[in-house]
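All remarks here apply to the structure that follows.
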Amino acid sequence: MRLLPSLALAASLLCAPALVGRAAAASAPTPAVMPAAAPAPASSTAATKDAFIDDLIGRMTLEEKIGQLRLISIGADMPQPQLLKELQAGRVGGTFNSVTPADNRPLQQAAVRSRLGVPIFFAYDVVHGHRTVFPISLGLASTWDMDAVERAARVSAIEASADGLDMTFAPMVDISRDPRWGRTSEGFGEDPFLVSQCARATVRGFQGTSPANRDSLMAVVKHFALYGAVEGGRDYNTVDMSPMRMFQDYLPPYRAAIDAGAGGVMIALNSINGVPATSNRWLLRDLLRKQWGFKGLTVSDHGAIDELMRHGVARDGREAAKLAIEAGADMSMHDALYLEQLPGLVKSGAVPVSVVDDAVREVLGAKYDLGLFADPYRRIGHGEQDPPDVDADSRLHRGDARDIARRSLVLLENRNQTLPLKKGGTIAVIGPLADAPIDIMGSWSAAGKAKHSVTLLQGMREALGDRGRVLHARGANLTDDPRVVEYLNFLNWDTPELVQDKRSSGDMIEEAVKAARAADVVVVAVGESRGMSHEASSRTSLALPGEQETLLKALKTTGKPLVVVLMNGRPLTVNWAKDNADAMLETWYAGTEGGHAIADVLFGDYNPSGRLPISFPRSLGQIPTYYNQLRIGRPFTPGKAPNYTSQYFEEPLEPLYPFGYGLSYTDFSVSDITLSGQALQRGGNGHLDASVTVRNTGKRDGEVVLQLYLQDVSASVVRPVKELKDFRKIALKAGESRVVSFPIDEDKLKFFNAQLEYVAEPGDFNVQIGLDAANVRQKTFVLR
Ligand code: BGC
């Protein structure tokens, strides 16, 4: 949401009250902020920070303290003139949703004119890019390349901080094992290890060497906790989970982000075993602060404190505010309850002022760590530095976007070496997503602009140049259900995003078939609109929506090689395409440079190297299909009679595509595993090396992702069939081979037992190394 241009004018009309010791004129280039000299963050210590904040809190009125706990949604919470008054009265802690320095500057100017001159921070959902849009997080995870993941976050921070932003509500690290959930697209997939790696890399990228840096953003990891496990994949639904599963699988990524230094934590909207996260004292105080030692800011999700009444745990707003602040929700996003209720709660003694002080301390601490006390205009800069055109193409990082996007693409099928395509002849580029500049950005595209997106059609045209001809037909709408169109267009986009082609489905398909007949090869982009894989976009089907599969079938009848390009934010049941397409490429939503990146892969200018960070089910009924399931008493064994084993009798048990899967234009072989020893000693610092020789047996250079899985053969509690514990992405020239070793120490064997102790138990372990979760070599060793 953008601020109205009149805001700047309104701000300039506000006069600055003359306060002792505080910089006066809002027009001064770098107003000093605080009555007390602010220590420079670079040389400051924890003690100087504490002293500074204690002193400040000691001088704040209750109203000013409560003001710090308010996180205001620009455009949604109050009209701008009122916001400016609130800021100047010191009744706002931070804002989110305004994106440019010019928009944010008047807000900061108003804040520093307040009695104590406490600056505000500016936050935004910078999830997978800012001006430059990178692949959605599921795509970033598909790179299995943590340098690439970190780079995407670094560039995002550079761009967002240049727009005056201080903080991002990211990374989103909710493990998601139910693709019905629309927010699957925002996370890094199903696996605790891979998601944790991505969480660390992203925090490193956002925060750089310090959140105080001019080009850093403070990372607010979300949604704490377990939001990805909502029942039935239905957004905002209940989460009910055993403590062992929680600790083993769902909590590690949040912990990883925090250990990497994330300055903030956003609290999830869901309840956890009967207690909403927002009022969950165990979650926010015992686990997060005491057990994990988190020393940062917690932020409620949008309206979540209010929702405590709808959860049915608070009778009224007063109780909701009391529950939330006592549980440890420092900042209240978008709701007015802290402002309305905390004064009375504190004055009546129902909430000790020390509880409010603790929350204020975290808000001020975040601002201190961001360097805002030293300079509130650290990232906003000064008017004369504002870019003349915030949307200028020159502000983008297209090179990084293209490079990272092509690493994120996962080749699912390639029969008879259909790919790479020759640069020549006639190519029919078909499908509702072939020329979809909005959708290719994916949801939560921050300040991304569709006009900057390179669509698949554009990318193919550019790559082919005058060596060949591109024909184009839309072929189908993304959905033909008017209710779905209405629903998706009602999401909070600026403009309706689903623009329907009014022609009949038959007419559109006929046109597409005609183009296909006139071409040498058909490239067809199908999948979901970005709104279908978004917050509040849960689905009851994982099929290609609308008439898209009918379109694929019609194109197949032409006999022309059929290359399916998927654009989607969750695994889809693309069974027909798997069996019938000549080639299929999963591209998720590949971002600003998506069209170039996809063309690079389709024409072989880049050899695909992405791997799935989430399993693809065969059918909706097969969910959950995550690979690291717990072992059971009657497992189904392939090749053996299925009776009285755990399976569905109508279809195979294995997923359509397993976790870790992806093809290349070359082939790789993996040797048997060599172990450097047979046993590991408990309590020692030793390790074993598990090594394989991996060989590029094909004719092209390429990259391979070697994956290390471990299985605890027998333990005090039921353990998963296997768990990813390490991976390595390496480049090999055609014919080249290399020995790859994975060190295995006792730490890798640890798990949470029934008492929730993190232990390794003696006994046998199977070590597996392979190219995906279902394609591994195995050896056994013992922990003594
Ligand atoms: C989402 C959060 C997001 C917030 C602010 C909420 O609806 O759940 O993920 O950070 O809005 O935009």
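For ligands, and for the atoms within them, numbers begin at 1 and follow the listed sequence. Everything quoted here is computed from the prediction, not taken from an experiment. Residues: numbered from 1 along the sequence shown. Values below: every heavy atom of this structure, side chains too, minus hydrogens, waters and symmetry copies.
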Short list, please: which atoms of ligand 1 are under 4.0 Å from a heavy atom of [X]?
X	value
F96	5 (C), 12 (O)
M266	2 (C), 10 (O)
K222	2 (C), 3 (C), 9 (O), 10 (O)
F169	10 (O)
E535	1 (C), 6 (C), 7 (O), 8 (O)

Around [atom], find the nearest protein heavy atom and jot down its residue, atom name and distance.
atom	value
atom 4 (C) of ligand 1	D301 OD1, 3.5 Å
atom 9 (O) of ligand 1	H223 NE2, 2.6 Å
atom 5 (C) of ligand 1	D125 OD2, 3.2 Å

(request) Could you tell me whether the side chains of Y250 and R245 share a donor-acceptor contact shorter than 3.5 Å? (result)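 No, because no side-chain N or O of Y250 sits under 3.5 Å from a partner of the opposite role on R245.
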(request) Say whether E586 and N568, considering side chains only, have a donor N or O and an acceptor N or O under 3.5 Å apart. (result)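 A pair is found: one side chain offers a donor N or O, the other an acceptor, under 3.5 Å apart.
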(message) Tell me whether E186 reaches ligand 1 (any heavy atom closer than 4.0 angstrom to a ligand atom).
(response)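 E186 does not count as a contact of ligand 1 under the 4.0 Å cut-off.
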(request) Have a look at ligand 1 and work out which part of M172, if any, has a heavy atom under 4.0 Å from it: side chain, backbone, both or neither. (result)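 It is neither; nothing of M172 touches ligand 1.
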(message) At under 4.0 Å between heavy atoms, is it the side chain or the backbone of H334 that contacts ligand 1, or both, or neither?
(response)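 No part of H334 comes within reach of ligand 1.
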(message) Exactly one of Y589, Y487, W444 should register a ring-ring contact (aromatic ring centres under 6.0 Å, His included) with H534. Which one does?
(response)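 Only one of Y589, Y487, W444 forms a ring-ring contact (aromatic ring centres under 6.0 Å, His included) with H534, namely W444.
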Given the side-chain rings of [X] and [Y], with only the six-membered ring counted for Trp, is the space between their centroids under 6.0 Å?
X	Y	answer
Y254	W292	no
Y124	F96	no
F188	W588	no

(request) Decide if atom CD of E340 counts as having more than 12 heavy atoms of other residues, nucleotides or ligands within a radius under 6.0 Å. (result)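 More than 12 within 6.0 Å, yes.
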(request) Determine, stepwise, if the pair I404 / D145 fulfils side-chain contact (heavy atoms from CB on, under 4.5 Å). (result) CA-CA 9 Å; I404 294 169; D145 176 341; over 6 Å; no
